Amino acid sequence: MPHLLIDGKVSARVSDLLDRMSLDQKIGQMTQTERLSITSAEVKQFHIGSVLSGGGSCPGDNHPSDWVAMCDAYWAASMEEDADHLAIPIIYGLDAIHGNANVLGATVFPHNIGLGACNDGDLLQRIAQVSSREILATGADWTFAPTLAVAEDIRWGRSYESYSADPSIVASYADRFVSGLQNNYGDDAVVACLKHWVGDGGTTHGIDQGETTADLAQLQITHVLPYIPAIEAGALTVMVSFSSWNGDKCHGHEFLISDLLKEQLGFAGFVISDWDGIDYLADDYRDAIRLAVNAGVDMFMVSETWKPFLGGLRTLVNLGEVSLSRIDDAVRRILSVKVAFGLFDKPRPAERRWSNDTSFGCAAHREVAREAVRKSLVLLKNEENALPLRRSSRILVAGKNVDNCGHQCGGFTVAWQGMSGNDFVEGGTSVYAALADAGDSVELSVDGSLADENKHDIAVVVIGERPYAEGMGDIRANDDVLVEAGSQIKGKMKVLSAYGRSLKLHELHPEDLQTIASISEKNIPVVVVLISGRPLVVNQELRLADAFVAAWLPGSEGAGVADVLFGDYDFHGRLSFAWPKNECVGVDFKGDEDILYPIGYGLNYAV
Ligand code: GLC
């Protein structure tokens, strides 16, 4: 843990603040509200410690200047000291999990599942550094990243937020990404947030916010492991998981939060709840607050219910059900992060070095993203030398994802559930646009109906999933699994409508196989590019394809796909998740006979 958090000067400054704070000011500091539910005046009146943007919650026209103006107003209110209010700067948080992709014009990086295939820690650190500058360009201080989930069941809607199903691959990136974001607390650094503590990727059947059943040893070698290098790298915040461990919700788990994370792993920053995550601990809201505070949660993401939270916690302290020493511990942790990170010494957001900086979405940043796309692609099949494409070939491009930057980016892009089309990914390049730019003769036919063996030498068909986020990305064969999970969990479980019922692409999206078949039956060789948030069962699509590329969720820089398809660069990516032969994944996995391609698989041009 960074010496700064336990540095004498920091703790002296924090003690001085604590000694001057009223109970209401302390409780306010422990509260994070969503921007749409609070005014700047209320931030001051209720001494609020943090404001956030939920996925897609964007001010004004959603350009950096709108964000800077918003952050500046909240910051100014928090720093207006008077007889009733102590000047303590708010910390503004958002989900910049693959670049600051909420904001129009941002550089949108591949989601973590693609980065997991890159096997390049230096690249991850550069991605984090670029992301940090594009977060600072909007006046914010804190990103809820990196996700350190180890996704054990690809039916989980958040599999794409996981680097790998292999804990050692996740661990190899964890410290690099934290170092890239927090960058020695320099002026181009932001606060990192490790999430979601702990076991979010281990739920039975991959149910989002479900039940992770494992003994402590298994939990530690799989889901705790990646947090160790990240904490050693100085991560300043950790977010608790909605999921449960052996039936007990993480949000109320004193052993996991206080004993294991803070005591044993020595985490000295602060722990934040997830979005209204405490609501699911108990029917009575005050009971829920009590359970979470006493378990060791320090800051509470209470989105709209922040007034009941303030009142409820104050009552618990007055009743002696939450000790003042627990309150002081939480506030000391929060203030230590703010002091150590220099938030008290920074100018107001409108006057900071990186606010509104022209490097936001610039060509140099996009080059880093384009490199990441190239390195993330995994070649699963290449017969008859279908790849690399020849520039002089007459190329037909088809498939529902061929000209759709929104689908390339996936969830947490401009909107929580992502976008469709090209308009909202300002500055982005679709795979079609990139191929048309690189090739001499490229014709677009999304459904493939223009395919003609007398006019086309080869076809590139870009298929796969539409954007989704969190539980809305889950694959659930039936809802019986929800009953099973719910029966194991003490407390309530939030369930969102699932993305689909099958991991088989031809059942999930039959239009894709139809497009491939309609072209293949005209004796035109087909190169399939799969845009998806996870591996899928693609046996039928593979059979018809002459070449097959896993492109994951590549983000705004589709040119990275063209670079490799035309052979300007060789394939580099290696699977960080096993590719399934059937739907026997997670708890249904029987053994190698269920695996089509193992972790580490990937072909190259060079033989
Ligand atoms: C969401 C996610 C979490 C995100 C938070 C704020 O529910 O679980 O990953 O950081 O809310 O948007």
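One-based numbering, in listed order, for ligands and for the atoms of each. Computed from a predicted model, the values in this text were never measured in an experiment.
Nearest non-hydrogen protein atom to atom 5 (C) of ligand 1 is D274 OD1, 3.3 Å. For atom 12 (O) of ligand 1, the closest heavy atom belonging to the protein is D95 OD2, 2.5 Å. Nearest protein heavy-atom contact of atom 1 (C) of ligand 1 is E470 OE2, 3.1 Å.
Checking only distances, W275 never comes within under 3.5 Å of ligand 1, N or O to N or O. In terms of polar-atom proximity, defined here as any N/O pair under 3.5 Å, E161 makes no such contact with ligand 1.
Atoms of ligand 1 lying under 4.0 Å from any heavy atom of F144, numbered from 1 in the order shown and given with element: 10 (O). Counting the atoms of ligand 1 from 1 in the order shown, those under 4.0 Å from a heavy atom of M239 are 3 (C), 10 (O). Numbered from 1 in the order shown, with element, the atoms of ligand 1 that lie under 4.0 Å from a heavy atom of H196 read 3 (C), 8 (O), 9 (O). Within ligand 1, counting atoms from 1 as listed, the ones closer than 4.0 Å to a heavy atom of K195 are 3 (C), 4 (C), 9 (O), 10 (O).
The backbone N or O of C250 lies less than 3.5 Å from no partner atom in the side chain of S241, so there is not a single donor-acceptor pair.
Classified by interplanar angle (parallel below 30°, tilted 30° to 60°, perpendicular above 60°), the ring pair F242/Y280 is perpendicular.
Among all heavy-atom pairs drawn from L148 and A230, the shortest one is CD1-CB, 3.9 Å. For the residue pair Q32 and I272, the shortest heavy atom distance occurs at OE1-CD1, 3.2 Å. For the pair E134 and N100, the tightest heavy-atom approach, listed with the atom from each and the gap, is O-ND2, 3.0 Å.
For E34, no heavy-atom contact with ligand 1 is shorter than 4.0 Å.
Between W306 and F46, a ring centre-to-centre spacing shorter than 6.0 Å is recorded. The aromatic ring centroids of H111 and W552 lie 6.0 Å or more from each other.
Within the structure, the closest approach of F242 to ligand 1 falls below 4.0 Å when heavy atoms are considered.
D166 and S164 are not linked by any side-chain donor-acceptor pair at a separation below 3.5 angstrom, with hydrogens and angles left out of the test.
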